[in-house]
4 protein chains.
Amino acid sequence: MTETVLPPPAPRGRPRSERAHKAILDAANEILEERGFVDLTIDEVAQRAGVSKTTIYRRWPTKGTLVFEAFSADFLARQPSPDTGSLREDLLAALRAWIRVNKGTVKGRTLVGLIAEVQRDPELAEIWRERFIGPVRAQHRTIVEQAIGRGEVSPDTDPDLVLDLVFGAAYHRLLQSHQPLTDRFAQAVVDTVVAGVRTSDPTIN
Amino acid sequence: MTETVLPPPAPRGRPRSERAHKAILDAANEILEERGFVDLTIDEVAQRAGVSKTTIYRRWPTKGTLVFEAFSADFLARQPSPDTGSLREDLLAALRAWIRVNKGTVKGRTLVGLIAEVQRDPELAEIWRERFIGPVRAQHRTIVEQAIGRGEVSPDTDPDLVLDLVFGAAYHRLLQSHQPLTDRFAQAVVDTVVAGVRTSDPTIN
Amino acid sequence: MTETVLPPPAPRGRPRSERAHKAILDAANEILEERGFVDLTIDEVAQRAGVSKTTIYRRWPTKGTLVFEAFSADFLARQPSPDTGSLREDLLAALRAWIRVNKGTVKGRTLVGLIAEVQRDPELAEIWRERFIGPVRAQHRTIVEQAIGRGEVSPDTDPDLVLDLVFGAAYHRLLQSHQPLTDRFAQAVVDTVVAGVRTSDPTIN
Amino acid sequence: MTETVLPPPAPRGRPRSERAHKAILDAANEILEERGFVDLTIDEVAQRAGVSKTTIYRRWPTKGTLVFEAFSADFLARQPSPDTGSLREDLLAALRAWIRVNKGTVKGRTLVGLIAEVQRDPELAEIWRERFIGPVRAQHRTIVEQAIGRGEVSPDTDPDLVLDLVFGAAYHRLLQSHQPLTDRFAQAVVDTVVAGVRTSDPTIN
DNA sequence: GATTAAGCGAGACGGTACGTCAAGTCTTGTT
DNA sequence: AACAAGACTTGACGTACCGTCTCGCTTAATC
């Protein structure tokens with residue numbers, strides 16, 4: 001048997017327009033910047049992209065998934081995997097990049113809108129975990145794992161705990177707006193967590 | 001002079017019905033328990049409470065503010081101000097109480113729904129900060145301040161930072177559902193933060 | 001028995017305020033002139049009259065009855081009972097008076113609004129017939145009866161028919177606006193009807 | 001040149017559903033028969049027609065315009081253009097047809113409701129004049145014009161005046177209900193008007 | 001002078017219908 | 001098949017006005 005894997009069947013009919021695809025995402029991003037998640041309507045995206053609603057819904061089943069895609073590619077690309085040889089510096093670099101995107105661009109508002117939407121739409125929640133939270137955390141987790149590998153922190157250190165502390169604090173300020181996301185805050189967070197992780201012996205707790 | 005304070009001016013017109021008020025909040029809570037924030041409609045609240053929509057809108061301008069009031073009184077009452085003489089124990093008690101309410105009752109779902117709504121409605125956001133985030137944090141802040149007073153941690157310790165770390169991590173898990181809110185998690189969070197705060201000297205960062 | 005009729009029992013309690021009564025009717029007329037029947041609301045009448053809604057509803061059960069009273073006294077006063085000794089002149093004078101009120105003042109709009117309301121509210125319809133249509137027709141009927149008495153027209157002449165022809169045509173133009181209510185029209189109507197009544201012998205039909 | 005007329009441009013998008021259109025009008029007529037104009041609500045029409053409110057509002061901006069269309073086609077079809085060779089007979093036939101529809105069916109109630117609504121909604125008033133009053137009068141006007149053509153009445157006879165007298169009287173009784181719409185009344189009206197028109201010389205008035 | 005009965009201003013209340021909006025689906029003819 | 005256009009269903013929204021009601025206060029006539 002030579003043909004263990006079938007070649008992908010040639011698609012029948014008219015192929016999907018790449019131009020339309022891009023135009024939709026661009027239009028969505030435009031509106032997100034101008035008015036935010038809540039005030040974005042699919043009708044307006046269609047109109048701006050010069051596309052029919054059918055064409056949008058053929059690609060994304062809901063408003064949430066469309067906005068998710070319009071948002072995530074660029075956002076993820078801006079999250080670096082630093083490797084400075086120091087846990088503190090790596091975490092700080094990652095946190096600063098996160099803060100920079102969320103404060104410097106309109107992305108923060110969109111991220112907030114998406115997190116809100118995720119709480120209302122279970123299907124989007126799954127996509128969100130698989131294609132956003134998962135990848136970002138995986139990327140960040142290597143920071144801690146590298147530190148373990150270098151012997152900088154105990155092998156018992158729980159990477160998830162570290163990430164929840166560092167980014168949990170950041171998300172908290174983003175969502176509750178009780179305090180600003182300053183660089184001073186970023187440093188204090190990282191310093192405290194790194195110090196805590198180095199000192200505490202999780203095995204005795 | 002015995003009359004230093006004038007009696008409150010007699011209210012004019014028919015007074016607002018306390019029965020209606022209570023019936024509305026009760027109906028809202030009922031529906032929240034059954035179907036959650038998203039599926040709660042003002043129409044149904046009105047119907048269940050035996051009240052007209054006008055009567056609801058006269059008191060609360062939006063669904064968010066209504067649910068906020070239905071939710072918050074009880075939730076706040078369940079957040080204790082522990083004073084065991086140990087920062088670790090106090091923080092752990094507070095965090096455990098928070099987790100207990102959010103996992104043991106339907107309150108967690110409502111809290112999540114409200115946080116989502118807060119991101120969509122700026123007016124609700126203000127109320128939220130003033131009447132929920134503010135009070136809860138004030139209560140929790142005393143935990144850190146007591147520890148400072150006892151000399152358990154440095155007077156330079158930033159209470160807000162501590163709270164952001166501890167509860168930020170918890171809110172993060174509540175909203176992203178990437179990991180469960182276990183008691184083991186609560187302990188690890190508190191231990192790490194307490195250790196971090198005791199060790200790190202914020203003044204040099 | 002000498003006391004066949006009891007003196008009216010002295011009313012108990014606070015007497016109704018004549019000032020309020022007048023203020024309500026004045027306010028209603030003001031609004032009728034400004035915006036017409038449809039856009040008049042009881043709330044606004046109350047506000048303008050410096051009176052509570054209760055005070056209005058104590059006197060008039062519905063918006064229709066209030067407007068009816070605000071409208072009718074003045075209107076009826078302007079409908080003369082001419083007696084010139086000529087059927088043509090009498091009818092013409094009556095019709096001209098009717099047209100003058102409906103075209104020269106805002107009364108026409110209110111009359112139209114009331115006729116519309118009468119079609120929607122059966123209780124108002126009864127009042128309307130008894131206290132408006134009835135009296136006006138009675139007054140106008142004498143015009144025809146006088147002509148019969150003078151021998152100007154046959155004793156078999158049906159006064160109701162004459163009135164329906166003359167004023168029916170006028171109401172028709174008022175309500176359908178297909179043609180204007182000119183004086184030329186008034187003359188032609190009266191001339192034709194008078195001629196018709198003098199000529200036709202109803203007994204042979 | 002063979003292509004003098006361009007084919008109508010192909011309509012774009014999904015065509016309006018004829019089934020929905022008919023279902024809406026049928027439902028409206030059903031409700032009109034059962035409960036009349038005032039108690040007809042758009043919500044109920046939608047529900048009965050198995051159609052959404054949007055679909056109704058896309059076609060008719062107001063309740064008035066919807067009911068107008070539901071009412072008028074059938075009503076107009078029942079107004080004949082008699083041509084018996086006699087003005088009296090033609091007018092009588094037309095008036096009798098009008099009375100028959102208004103008394104024998106529920107149409108009378110609807111007509112009354114529509115006339116009332118016309119007084120409250122200026123936009124409906126325009127439609128009403130253009131698409132109801134206008135056509136009906138045009139049809140009736142030919143009755144008088146034929147009589148003029150035959151030399152039965154003077155060429156100076158004003159057809160509008162004749163119609164206002166005959167149908168004005170009828171509408172008057174329909175709207176004010178002060179007297180019934182009997183056949184005796186119809187005959188008396190027509191006889192008097194025809195006699196009046198034959199006798200009076202409008203040019204000298 | 002106290003009591004009583006109704007009027008009164010204010011404004012909350014139940015009810016009903018309104019007209020709108022956005023989400024997501026469906027149905028045309030066209031590419 | 002995908003596409004543009006636009007009609008469609010669904011469900012909730014927030015508003016408006018109606019006519020009623022419930023307060024505390026006022027105004028006479030009666031006791």
Side-chain angles (χ1 to χ4, degrees), chain A residues 11-17 19-20 38-44 46-47 49-64 121, chain B residues 9-17 19-21 38-44 46-47 49-59 61-63, chain C residues 9-17 19-21 38-44 46-47 49-64, chain D residues 9-17 19-21 38-44 46 50-59 61-63:
Chain A
R12 313 280 307 259
R14 175 174 175 178
R16 292 203 179 163
S17 158
R19 265 185 74 238
V38 175
D39 292 337
L40 174 147
T41 70
I42 298 285
D43 277 280
E44 192 184 352
Q47 201 183 333
V51 141
S52 74
K53 282 206 287 176
T54 320
T55 302
I56 298 179
Y57 279 109
R58 195 173 293 117
R59 291 166 166 80
W60 299 279
T62 61
K63 169 175 159 176
D121 177 352
Chain B
R12 321 210 51 179
R14 178 173 174 176
R16 293 208 175 160
S17 159
R19 264 186 77 237
H21 197 94
V38 175
D39 292 337
L40 174 147
T41 68
I42 300 283
D43 275 283
E44 192 182 352
Q47 201 182 333
V51 142
S52 73
K53 279 205 286 180
T54 320
T55 299
I56 297 179
Y57 281 111
R58 194 174 294 117
R59 292 168 162 80
T62 62
K63 169 174 156 178
Chain C
R12 312 280 309 259
R14 177 175 175 176
R16 292 204 179 161
S17 159
R19 264 185 76 237
H21 197 92
V38 175
D39 292 338
L40 174 147
T41 68
I42 297 286
D43 276 281
E44 192 184 352
Q47 202 183 331
V51 140
S52 74
K53 283 207 286 177
T54 318
T55 300
I56 297 179
Y57 279 108
R58 195 173 293 116
R59 290 166 166 79
W60 299 279
T62 62
K63 169 175 158 176
Chain D
R12 321 211 50 178
R14 176 174 177 176
R16 293 208 177 160
S17 160
R19 266 187 75 237
H21 198 93
V38 176
D39 290 338
L40 175 146
T41 69
I42 299 283
D43 275 282
E44 191 182 353
V51 140
S52 72
K53 279 202 289 178
T54 320
T55 299
I56 297 179
Y57 281 111
R58 194 175 295 115
R59 291 167 163 79
T62 61
K63 169 173 156 178

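Naming: A, B, ... by sequence-line order, numbering from 1 per chain.
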> Calculate the interatomic distance between B:Gln47 atom CD and F:dA12 atom P; express it in whole Å.
11 Å
> So for A:Arg14 and E:dT31, does any side-chain atom that can act as donor or acceptor lie under 3.5 Å from a complementary atom in the base?
yes
> Let me know, please, whether C:Arg16 or D:Asp39 comes out on the 5' side of the other along DNA chain E by nearest nucleotide.
C:Arg16
> Among the nucleotides F:dG19, E:dC13, F:dT9, which one has an atom lying closest to any side-chain atom of C:Thr62?
F:dG19
> Identify, between D:Ala20 and B:Asp43, the residue whose nearest nucleotide on DNA chain F lies closer to the 5' end.
D:Ala20
> In whole Å, I'd like the distance from the NE2 atom of C:His21 to the P atom of E:dG9.
14 Å
> Where the side chain of C:Ser17 is defined as all heavy atoms beyond and including C-beta, which of E:dA23, E:dC8, F:dT10 is the nearest nucleotide?
E:dC8
> Tell me if the side-chain of C:Thr54 makes a donor-acceptor pair with the base of F:dC21, cut-off 3.5 Å, by modelled atom types.
yes
> Within the structure shown, what part of the strands sits under 4.0 Å from C:Arg19 by heavy-atom distance: base, sugar-phosphate, or nothing?
nothing
> Rounded at 0.5 Å granularity, tell me how far OG in B:Ser52 sits from CZ in B:Arg58.
6.5 Å
> Within the 4.0 Å heavy-atom criterion, would you say B:Thr55 contacts the bases, only the backbone, or no part of the nucleic acid?
sugar-phosphate
> Is there a donor-acceptor contact under 3.5 Å from the side chain of D:Lys63 to the main chain of D:Leu40?
yes
> Quick check on DNA chain E: between D:Gly13 and A:Lys63, whose nearest nucleotide comes earlier from the 5' end?
A:Lys63
> Among E:dA5, E:dG9, F:dC18, which nucleotide sits nearest the side chain of C:Tyr57?
F:dC18
> Under 4.0 angstrom, heavy atoms only, what part of the nucleic acid is D:Ile56 near: base, sugar-phosphate, or nothing?
nothing
> Does D:Gly50 or B:Ile42 map to a spot on DNA chain F nearer the 5' end, using the closest nucleotide for each?
D:Gly50
> Under 4.0 Å between a side-chain N/O of C:Arg58 and OP1 or OP2 of E:dG9, yes or no?
no
> A:Leu40 has an atom CG; how far is it from atom P of E:dG24, in whole Å?
11 Å
> Give one of base, sugar-phosphate or nothing for A:Gly64, where a contact means two heavy atoms less than 4.0 Å apart.
nothing
> For the residue pair A:Thr55 and A:Ala20, what are the closest heavy atoms and their distance?
CG2-CB, 4.2 Å
> Could you work out which one of E:dT25, F:dC18, F:dA12 sits closest to the side chain of A:Lys53?
E:dT25
> Out of curiosity, A:Tyr57 OH to A:Thr62 OG1, how far, rounded to the nearest 0.5 Å?
8.0 Å
> Could you give the CZ-to-P distance, from D:Arg59 to F:dA7, as a whole number of Å?
9 Å
> Ignoring hydrogens and geometry beyond distance, is a side-chain donor-acceptor pair present between B:His21 and B:Arg59 at under 3.5 Å?
yes
